[in-house]
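Accompanying notes for the structure given below.
We count ligands from 1, going down the list as the structure has it; atoms in each ligand are counted the same way. A quick note: this is a predicted structure, and the numbers were derived from the prediction, not measured. One is the number of the first residue; the rest follow in order along the sequence.
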Amino acid sequence: MTYQGLIHRYGHLLDLPAHTQNISLLEGNTPLIPMPRLSAEFGCELSIKFEGLNPTGSFKDRGMTAAISEAVGRGAQTVICASTGNTAASAAAYAARAGLRAIVLIPEGKVAAGKLAGAIAYGAEVIQIQGSFDDALTLVVEITQKTPIALVNSINPYRVEGQKTSAFEICDVMGFAPDWLCLPVGNAGNITAYWAGFKQYEKGLPRILGVQAAGAAPLVLGHPVEKPETIATAIRIGKPARGEQALEAAEQSNGRIIAVTDAEILEAQRILASEGVWVEPASAAGLAGLRAESARGTFDARGKKIVVVCTGHGLKDPSVITDLFSSPKIIPANYEALLSVIGA
Ligand code: F0G
């Protein structure tokens with residue numbers, strides 16, 4: 001049968017109310033891409049769960065199909081979220097699909113171009129906040145407590161329900177859970193969802209390596225970060241809404257949450273792209289964490305099955321590449337010039 005989206009495929013395993021009306025863009029079913037060179041380097045079987053191949057280019061679509069489907073079923077007219085960008089684009093797309101009004105609050109000047117453009121293209125009302133993601137989240141929580149507007153951040157339990165499906169897919173493809181799952185951690189909805197998904201699916205439990213950016217690492221520092229800063233703007237978050245659950249997932253899985261520098265993130269992004277998988281900076285944090293741990297000798301990858309979750313597509317944040325790396329050479333449009341520049 002042709003693929004009909006996540007609620008169709010896994011809805012019976014998700015705790016969604018009876019009023020839920022399926023709104024889908026055929027999200028999910030993303031590939032688990034084997035990475036032969038990285039596997040050889042670490043002596044393991046390493047695969048990328050490439051969530052950048054979802055309809056709006058990030059894993060958020062898994063949670064959004066569930067949250068919007070529930071909101072529509074209960075008669076919501078308007079949805080709202082705070083976002084570092086990907087949630088905004090995803091909420092905008094699913095709201096558009098359902099015919100709902102979408103309002104998205106983003107931190108001023110800190111959202112990557114591909115995400116902002118997506119939110120606008122799908123027709124959301126985009127509002128920039130003179131503050132951080134955390135300030136925006138506080139505002140949307142307050143307004144959804146006082147008005148009928150529906151909240152679609154991952155505080156909404158249906159977001160987490162939808163995002164569990166990635167754990168199910170990994171087990172379905174591999175036949176069992178991997179030994180380790182490495183992923184970025186921002187507001188901590190996704191790590192919470194993976195852990196819940198693996199526990200529910202009963203195909204074994206991975207150890208979880210959650211990775212924050214060093215300038216936005218409240219779960220590593222043990223306290224909120226007032227002014228989070230990182231090139232990985234998707235995870236530029238100082239007060240994760242599901243921080244406690246993230247720490248629980250790390251501890252219960254016998255894993256941990258660590259921090260990596262922006263330089264380590266960019267290096268991991270480059271390495272992934274050099275093997276054909278271009279992801280946005282935050283999405284490279286999982287691999288950056290694995291590399292940092294291996295270099296310190298605190299992570300023995302040898303013989304293990306490792307899944308690294310890459311949460312968003314590289315196209316989301318093109319300026320990270322165009323600003324930091326030199327732009328292509330310019331030559332006259334003639335054969336001699338081409339020959340001299342390529343040195344053939
Ligand atoms: N990777 C990407 C590409 C993200 O956009 C996010 C979160 C994360 C990782 C972290 O996931 O928050 O569940 O721990 N982006 C949110 C947003 C905050 O607004 O798009 P998390």
Exercise for review: For the residue pair K60 and S154, establish whether any side-chain heavy-atom pair is separated by less than 4.5 Å.
Suggested key: no
Practice item. Report yes or no: does a heavy atom of S154 sit under 4.0 Å from some atom of ligand 1? Key: no
Point to revise | Nearest neighbour in protein (non-hydrogen) for atom 12 (O) of ligand 1 | key: N187 N, 2.7 Å
Review point. With under 30° as parallel and over 60° as perpendicular, where do the rings of H313 and W278 fit, or are they tilted in between?
Key: perpendicular
Point to revise | atom 9 (C) of ligand 1: the protein heavy-atom neighbour that sits closest, reported with distance to 0.1 Å | key: T311 OG1, 3.5 Å
Check your understanding: Distance only, no hydrogens: is a donor on one side chain within 3.5 Å (strictly under) of an acceptor on the other, for S58 and T311?
Key -> no
Review point. How far is atom 4 (C) of ligand 1 from its nearest protein heavy atom, and which residue and atom is that?
Key: A234 CB, 3.5 Å
Check your understanding: Does F133 reach ligand 1 with a nitrogen or oxygen that is under 3.5 Å from one of the ligand's nitrogen or oxygen atoms?
Key -> no
Exercise for review: Could you tell me whether the side chains of E27 and S24 share a donor-acceptor contact shorter than 3.5 Å?
Suggested key: yes
Practice item. Run the numbers on E229 and R236 for salt bridge (Lys or Arg N to Asp or Glu O under 4.0 Å), then give the verdict. Key: CA-CA 6 Å; E229 211 39 84; R236 186 176 168 274; 3.3 Å; yes
**Study point:** Protein contact of atom 11 (O) of ligand 1 - nearest heavy atom, named by residue and atom, plus distance
**Key:** F59 CZ, 3.5 Å
Practice item. Identify, for atom 13 (O) of ligand 1, the protein heavy atom at the shortest distance, and state residue, atom and that distance. Key: N190 N, 2.8 Å
Check your understanding: For G189 and ligand 1, does the shortest N/O to N/O distance drop below 3.5 Å?
Key -> yes
Review point. If hydrogens are left out, which of Q163, K60, K115 has an atom nearest to atom 15 (N) of ligand 1, that is, the closest non-hydrogen atom?
Key: K60
Review point. When you measure from atom 20 (O) of ligand 1 to every protein heavy atom, which one gives the shortest distance, and what is it?
Key: T87 N, 2.8 Å
Practice item. Just jot down the ligand 1 atoms closer than 4.0 angstrom to any heavy atom of S83, in number order. Key: 17 (C), 19 (O), 20 (O)
Check your understanding: Do the side-chain N and O atoms of T65 and Y94 include a donor-acceptor pair separated by under 3.5 angstrom?
Key -> no
Exercise for review: Would you name the heavy atoms of V111 and T84 that are closest together and state the gap between them?
Suggested key: CG2-O, 3.6 Å
Review point. Just heavy atoms, cut-off under 4.0 Å: does E280 contact ligand 1 by side chain, backbone, both, or neither?
Key: side chain
Check your understanding: Just by distance, with hydrogens left out, do T30 and R62 show a side-chain donor and acceptor under 3.5 Å apart?
Key -> yes
Exercise for review: Tell me which part of I235 gets within contact of ligand 1: side chain, backbone, both or neither, using heavy atoms under 4.0 Å.
Suggested key: side chain
Review point. At a non-hydrogen distance cut-off of under 4.0 Å, which region of I237 contacts ligand 1 (side chain, backbone, both, or neither)?
Key: side chain
Point to revise | Enumerated ligand 1 atoms positioned under 4.0 Å from heavy atoms of V185 | key: 14 (O)
Practice item. Could you tell me which atoms of ligand 1, counted from 1 in the order shown, lie closer than 4.0 angstrom to a heavy atom of T84? Key: 15 (N), 16 (C), 17 (C), 18 (C), 19 (O), 20 (O)
**Study point:** N156 vs E70, side chain to side chain donor-acceptor pair (under 3.5 Å): CA-CA, chis, key distance, verdict
**Key:** CA-CA 10 Å; N156 178 328; E70 188 279 332; 5.0 Å; no
Review point. Would S132 and D135 count as having a side-chain donor-acceptor pair, cut-off 3.5 Å?
Key: yes
Point to revise | Interatomic spacing from CD1 in I48 to CD1 in I306 - rounded to 0.5 Å | key: 10.5 Å
Practice item. Write out the residue and atom name of the closest protein heavy atom to atom 5 (O) of ligand 1, then the distance separating them to 0.1 Å. Key: N86 ND2, 2.8 Å
Review point. At the 4.0 Å heavy-atom cut-off, does S58 count as touching ligand 1?
Key: no
